Every structure is written in structure tokens, then in C-alpha cells.
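Taking it in order: structure first as C-alpha cells, then the write-up.
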Amino acid sequence: MSASPQSSYPSIIPPPRRGAVRGNVFHGKPVSSVLEVPLPAVDVVVPKVALDNISLSYTTSAKGRLIALDNISLEVKPGEFVCVVGPSGCGKSTLLHLIAGLQPQTSGTVLVDGKPVMGPGTDRILIFQELGLFPWLTVGGNVEFGMKMKNVPKAERKEKVEQYLRLVHLSKFRDSYIHQLSGGMRQRVALARALATGPDVLLMDEPFAALDAQTRDLLHDELERIWSETGCTIIFVTHNVREAARLGDRVVLMTFRPGRVKEEFRVNLPRPRHMEHPDVTRMARTVLECLREEINKSLEAEYTK
Amino acid sequence: MKKLAKQFIFYSALIGIWALLAKLHIWPPYLFPPPWGVGHALWDGFADHSFWIGIAVTMKRMLIGYSLSVALGMVLGLGVSSSKFLEETVGGLLVSLQSLPSICWIPLAVLWFGLTEKAILFVVLMGSLLSVTIAMEDGRKQMPKIYGMAGRNLGASGFRLFWSVLLPASLPFIVNGMKQGWAFAWRSLIQAEMIFLSLGLGQLLMMGRDLSDMSQVLAVMILIICLGYLVDGLIFRTMERRLQQKYGLA
């Protein structure tokens with residue numbers, strides 16, 4: 001295998017596209033170039049993920065029902081990187097669970113490739129906030145798990161484990177156990193485990209929230225690189241607006257209880273981006289101003305309980 | 001090393017006080033034998049093979065009865081934890097049965113099986129089955145939900161989800177249940193042996209009583225403590241510690 005990470009995985013993922021091209025994809029007439037398949041017209045493209053009037057409510061007590069999500073509609077194009085921001089408790093994690101098919105919504109439909117989601121599927125992989133890596137398996141065993149469940153032959157599994165561990169720069173740790181790794185390394189294992197099942201859609205639930213700033217910056221670069229190399233669609237939930245502006249093609253802002261889509265921001269900045277870049281900071285500030293009102297509402301709810 | 005030294009000093013002092021009290025002849029030696037008397041009884045017991053036979057018989061019963069209770073307890077525990085209906089009915093019954101000391105099963109066992117090996121095994125089984133079952137059930141409930149979700153998310157379902165995710169995820173709890181089951185089985189067995197009088201350590205203990213041989217009574221008691229501690233402290237605790245390390249729990 002070649003030493004360069006850029007050239008070593010073409011067999012498992014589509015050929016790399018350059019970051020610069022990638023960054024411009026959604027500014028003009030984007031979609032056909034993302035799919036790399038000639039499409040009849042931009043308008044006909046089926047969204048990768050479409051939420052159609054999603055609502056979710058719980059029966060809390062005798063008092064009544066808590067509306068967690070209220071009439072959310074959202075379309076995500078193939079290959080798009082969408083960040084969802086909102087105050088804690090706005091139901092952004094729940095949204096990902098619905099798309100992953102781990103939980104049913106009360107009303108509305110989740111469509112993936114135009115087909116309604118009926119349950120979990122390996123075309124959509126969720127990276128949990130707590131990761132949920134299996135401590136009884138080695139790093140390699142974790143990455144292999146999804147392929148094992150899909151009955152991928154052993155030789156192919158072994159090869160792919162190596163390829164994906166190389167992708168996240170963890171080749172040396174294949175035989176380590178999870179507790180032996182640092183927080184940032186665990187994140188990368190979770191990423192490799194998710195990618196190894198070959199998902200079209202990657203759902204990420206505040207994956208970098210618990211990391212220190214340096215590690216997080218590093219993982220942002222890696223995630224951006226991996227995204228551009230795999231061409232998958234990413235829905236990334238965070239409460240950090242700077243992170244959202246740094247990573248997303250689009251930032252979707254949610255309201256606090258009930259969760260609704262309040263505002264959408266298109267981030268027309270070239271990639272690769274940097275957290276400290278003035279344009280990213282400016283974008284983040286715009287989002288934050290809009291978000292502040294919701295944060296205040298969530299704080300009020302916390303203190304007046 | 002420091003810990004070992006402390007323990008050595010502690011036990012030496014304990015035996016020293018015991019020897020001193022025996023030397024003072026406050027109580028007659030047939031009621032309060034000196035440490036060397038008990039040492040002698042231990043030596044004799046092993047020399048005439050009666051202790052070896054007792055250990056072998058007891059351990060054999062333990063292995064059979066305990067294996068049975070672990071196997072049955074796991075099945076029962078998984079069953080109870082996987083169905084709301086079973087949990088509310090069978091689960092409640094198990095908890096209430098748990099309050100019954102295992103020695104209370106002896107009359108029933110004698111009437112059903114007579115003074116046989118089967119009766120002893122039955123008492124051991126009933127003594128530890130419930131604690132294994134309850135520990136398994138608890139384990140399934142305490143197991144972090146995230147593993148099941150992550151497993152389903154990665155394409156596991158049905159038996160494979162159980163075998164590759166839920167079972168390993170609850171392994172620390174299973175080992176804990178096995179440990180508790182062992183402790184209960186051990187107590188039940190010795191109790192049963194004391195009443196059934198058919199070889200084993202329990203019988204050696206009662207024989208000491210019948211012969212008014214306090215040295216033998218104490219010697220067998222020490223033997224029971226040592227054997228129990230050996231299995232619990234060495235085997236189970238090592239297993240538990242290793243698992244906790246591997247799972248990042250400790």
C-alpha cells in the first residue's frame with residue numbers, strides 16, 4: 001500500500017475530489033457533480049434525506065404531553081454537509097434518532113432516497129454522543145462489527161478494517177481496547193466503525209463536544225477530508241455555532257421546546273476552512289445572534305423548574 | 001508488600017492473643033483449644049485423608065449444583081428481563097422466594113428425594129438459583145442502553161444482536177451474578193451437609209461436635225473459610241477485575 005493516505009482507499013470509496021472543487025459544489029449548480037452521475041435536471045434530484053412534517057411528542061404525566069419536535073421539514077441533498085444547531089433540550093439528538101430509525105416519530109415521514117424509513121439500516125449510521133463503542137472488542141473488532149453483521153467475507157473485512165483505520169490514522173491501534181485510547185482516538189474509531197459499513201448518510205450527534213480544543217480542530221480537518229473523500233451526506237448536530245460554521249454547507253437552527261426549524265443559513269465559504277478564519281467567525285456570530293433568544297428560553301426553563 | 005506485612009502482623013497478633021488466652025486456662029481446653037491444638041487437628045485430618053475426602057466430596061457437589069444453578073439462572077434471568085409480563089409475575093415471585101433461607105428447603109428436599117445426593121444438590125440449586133437469576137435480571141436492566149442502540153444501528157438484530165452485543169455488554173453483570181451465586185451455593189451446601197451427614201466438610205464439622213472435639217470443629221471451620229475465600233477471592237475477584245479493566249469500568 002502507498003504511504004500517502006490520499007491514494008490508498010480508492011477501492012472502497014469514490015475517487016477523491018479536491019477540496020476546492022468540493023467547496024464550490026453547492027454555490028452554483030451543484031448536484032450532478034456531487035453524485036457523479038449525469039442527472040436530467042437539478043430540480044428532479046431526490047433529496048438524500050427529507051423530513052416531511054415530523055412531529056414527536058411524549059406523554060409525560062397526567063399533566064399532558066410534551067411536544068419535543070413540532071412540524072419539522074428539512075431536505076438534505078446528496079453529499080451535503082448540514083449542521084443542526086440549537087440549545088440543549090431542543091430535540092436535535094432525537095431528530096437524528098428518527099432518521100436513524102431507532103425511534104418512531106409521532107407523525108410525519110422520514111424519507112431517505114425517497115423511501116420512508118421503517119427502522120435502522122446501514123445506509124444511515126449514527127455516531128452517538130457517547131459513541132457506544134464496544135469495550136469487549138478491540139479497535140479492529142469495533143470497525144469490523146458492521147461488516148460482520150452484513151456477512152461480508154472475512155478476507156474482505158480484514159482488508160477494509162485496515163483501510164478505514166488508515167483513513168482515521170489509527171492503524172497502529174488495531175489490537176488495542178477502547179479504554180486504552182484517548183478521547184480523540186475514540187472519536188476516530190467511532191468514525192471508522194461508522195464508515196466501514198459504507199453508509200450514504202452519516203448522522204453525528206455532538207461527537208466532538210467532550211474534546212479539548214486542539215483535538216477538536218484536528219478532527220474537524222479530518223472529518224472535512226474524509227467527507228470530501230467518501231462523498232457521503234452528513235447531518236451533524238452540535239450546540240457550538242463556530243463548529244457549525246466551520247463544517248457545514250448549511251446551518252439549520254432549531255428553536256427550544258417545541259423544536260422547530262427557526263432559520264437556515266447557507267455557508268458559502270471556500271474549503272478547507274479554519275475555525276479562526278474571520279469569515280467563519282462572522283458567520284458564527286450571525287448564527288449566534290439568532291440562537292441567543294432560544295438559549296435564553298432554555299436557560300429560563302432550567303431555572304424556573 | 002506493605003499490605004502483606006500489615007496482614008502478617010495482624011494475623012500473628014490474633015493468633016498470639018488466642019494462644020495467650022488459651023495459656024491462661026480461663027476456659028477448659030476442650031472448650032477453648034490452643035492454636036497448636038487446632039493446628040494438630042488440621043494436620044491429623046489431612047494425614048488420615050478424612051479432610052482430603054471431605055474437600056473432594058464437597059467440591060464435587062459444589063461443581064454439579066452450582067453449574068446447574070448458573071445455567072438455569074441465566075436462562076431464567078434472561079427470560080424474566082426480556083418480558084414485562086414475566087418480570088411482573090415470575091420476577092416478583094423470585095424476589096419473595098429469595099427471603100427464604102436455603103436451609104428451609106431441606107425438609108422438602110428430604111421428603112421428595114430422601115437422604116440422597118439429589119436432595120443435597122436440590123438444596124444447593126434452590127439456594128443459589130434465585131440470586132443468579134436476580135443478578136442476571138438486574139444486569140440486563142443496568143446494561144447501558146447505548147450498546148443495544150449502537151448494535152441495531154450497525155445492522156445487528158434478533159439473535160445476532162443478543163449474541164454479539166447484549167450478551168457481551170452484560171458480561172460484567174453476569175460475572176457478578178455468578179459470584180453471588182457461588183457464595184449462596186457454598187453456604188447452602190455446607191448447611192445441607194451438616195444435616196444430611198453424608199461425607200463432606202459439613203459432616204466433618206458435625207462429627208467434631210458429636211465427639212466434643214473442639215479442635216476438629218475449629219479446624220474444619222478454618223478449612224471452610226479458606227476454601228470459600230480461595231474461590232471467591234482468587235477466581236471470581238480476579239475475573240471481575242480483569243473484566244472491569246477491559247471494559248474500562250475500573
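For clarity, every value in this text was computed on a predicted model and none was experimentally measured. Convention: sequence-line order gives letters A, B, ...; per-chain numbering from 1.
- With chain B as partner, the option from A/T197, A/L126, A/T122 having the largest number of non-hydrogen pairs under 4.5 angstrom is A/L126.
- Here A/F236 and A/W227 keep their ring centres 6.0 angstrom or further from each other.
- In this structure, the portions of A/R193 lying under 4.5 Å from any heavy atom of chain B include both its backbone and its side chain.
- Residue contact with chain B, scored on non-hydrogen atoms closer than 4.5 Å, is absent for A/I178.
- Heavy atoms closer than 4.5 Å to chain B are found in the backbone of A/L133, but not in its side chain.
- Using a 4.0 Å cut-off between charged side-chain N and carboxylate O, B/K141 and B/E137 make a salt bridge.
- Side-chain atoms of A/N151 and B/R160 include a donor-acceptor pair closer than 3.5 Å.
- Note on ring orientation: taking the six-membered ring where Trp is involved, the planes of A/Y177 and A/H179 are parallel (angle under 30°, cut-offs 30° and 60°).
- For the set B/P168, B/S157, B/P144, B/A150, the entry with the most heavy-atom pairs within less than 4.5 Å of chain A is B/P168.
- Note on ring orientation: taking the six-membered ring where Trp is involved, the planes of A/F145 and A/F134 are perpendicular (angle over 60°, cut-offs 30° and 60°).
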